[in-house]
Amino acid sequence: MRKLTIVLVVLIALLQYPLWLGKGGWLRVWQYSQQIEAHEKRNDYYRQRNETLRAEVRDLKQGQSAVEERARSELGMIKQDEVFYQVMQRKNPNPAAPASVITATPPKEAVLPVAPAPETPAAVPD
């Protein structure tokens with residue numbers, strides 16, 4: 001009877017091995033579920049990023065306000081007859097004096113920068 005019990009326990013253990021550690025076992029299922037969660041999080045991030053980029057492209061195609069905003073922020077351009085105010089922060093050893101200075105630039109003639117005219121070479125004496 002004792003030998004039969006030992007044989008049955010070993011047989012049950014051999015049958016349980018593929019369930020826990022085999023190719024389709026619980027351990028692999030858990031690993032795959034972790035990978036699926038990581039991929040879903042990454043896909044959500046990219047989905048949100050793509051939607052933001054689509055909205056930006058739509059704004060750039062449809063209206064001038066997005067183009068104008070980009071020209072102002074990235075290229076520092078201003079409209080004609082417009083005054084640009086820049087607030088500059090500087091270290092101030094005197095706490096009684098104001099820490100920021102407001103500067104104004106006169107209006108520019110054109111919105112887009114103009115390339116300088118090419119220089120003509122000087123005449124070479126013979």
Side-chain angles (χ1 to χ4, degrees):
M1 181 78 179
R2 185 157 179 100
K3 289 183 183 181
L4 181 62
T5 306
I6 293 174
V7 170
L8 288 176
V9 168
V10 169
L11 186 61
I12 290 173
L14 288 175
L15 290 173
Q16 290 287 318
Y17 175 78
L19 176 66
W20 293 102
L21 303 172
K23 188 175 180 179
W26 290 108
L27 183 61
R28 294 237 184 183
V29 169
W30 180 78
Q31 288 173 346
Y32 290 146
S33 66
Q34 295 296 319
Q35 288 177 0
I36 288 171
E37 284 182 30
H39 287 293
E40 285 176 349
K41 286 180 183 178
R42 194 171 350 155
N43 287 344
D44 289 339
Y45 166 75
Y46 286 128
R47 198 172 291 119
Q48 183 180 5
R49 190 183 105 205
N50 287 344
E51 186 58 37
T52 303
L53 291 174
R54 275 190 208 101
E56 188 174 341
V57 167
R58 190 173 34 249
D59 287 345
L60 289 172
K61 283 183 178 180
Q62 290 178 354
Q64 292 289 25
S65 62
V67 174
E68 186 176 314
E69 180 183 339
R70 281 257 173 128
R72 287 176 185 272
S73 65
E74 294 178 9
L75 301 175
M77 295 182 170
I78 61 172
K79 288 183 177 179
Q80 190 172 0
D81 298 329
E82 188 176 59
V83 179
F84 174 72
Y85 292 95
Q86 181 178 10
V87 178
M88 300 173 57
Q89 299 289 335
R90 63 179 169 184
K91 295 180 183 177
N92 191 0
N94 185 3
S100 62
V101 176
I102 299 177
T103 60
T105 58
K108 292 186 178 179
E109 290 297 321
V111 174
L112 297 176
V114 179
E119 295 182 16
T120 57
V124 179
D126 291 318

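Note that these values count all heavy atoms, side chains included, but never hydrogens, waters or copies made by symmetry.
Listed by first and then second residue, the salt bridge (charged side-chain N to carboxylate O under 4.0 Å, His left out) pairs that reach into residues 29-44 are D44-R47, sequence neighbours excluded.
Every residue meeting the side chain to side chain contact (heavy atoms under 4.5 Å, CB included) condition with Q62, not counting sequence neighbours, appears here in chain and number order: R58. Partners of R72 under the salt bridge (Lys or Arg N to Asp or Glu O under 4.0 Å) rule, at least two apart in sequence or in another chain, are E68, E82. Looking at residues two or more places apart in sequence or on another chain, you find no side-chain hydrogen bond (donor to acceptor under 3.5 Å, both in side chains) involving R49. Partners of L75 under the side chain to side chain contact (heavy atoms under 4.5 Å, CB included) rule, at least two apart in sequence or in another chain, are M77. With sequence neighbours excluded, no residue forms a side-chain hydrogen bond (donor to acceptor under 3.5 Å, both in side chains) with E69. Residues satisfying the side-chain hydrogen bond (donor to acceptor under 3.5 Å, both in side chains) test with Q64, not counting sequence neighbours, are none. A search for side-chain hydrogen bond (donor to acceptor under 3.5 Å, both in side chains) contacts involving N43 returns nothing, not counting sequence neighbours.
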Tell me which donor-acceptor pairs under 3.5 Å the side chains of residues 1-11 have, and how far apart each pair is, sequence neighbours excluded?
from : atom 1 : to : atom 2 : distance (Å)
T5   : OG1    : M1 : O      : 3.0

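The local environment of CD in Q35 is crowded, with over 12 non-hydrogen atoms from other residues, nucleotides or ligands closer than 6.0 Å.
Under a 4.5 Å side-chain heavy-atom cut-off, the cluster of Ile, Leu, Val, Met, Phe, Trp and Tyr residues that includes Y45 is completed by Y46. Cluster partners of V67, using a side-chain heavy-atom cutoff of under 4.5 Å among ILVMFWY residues and allowing indirect links, are L60.
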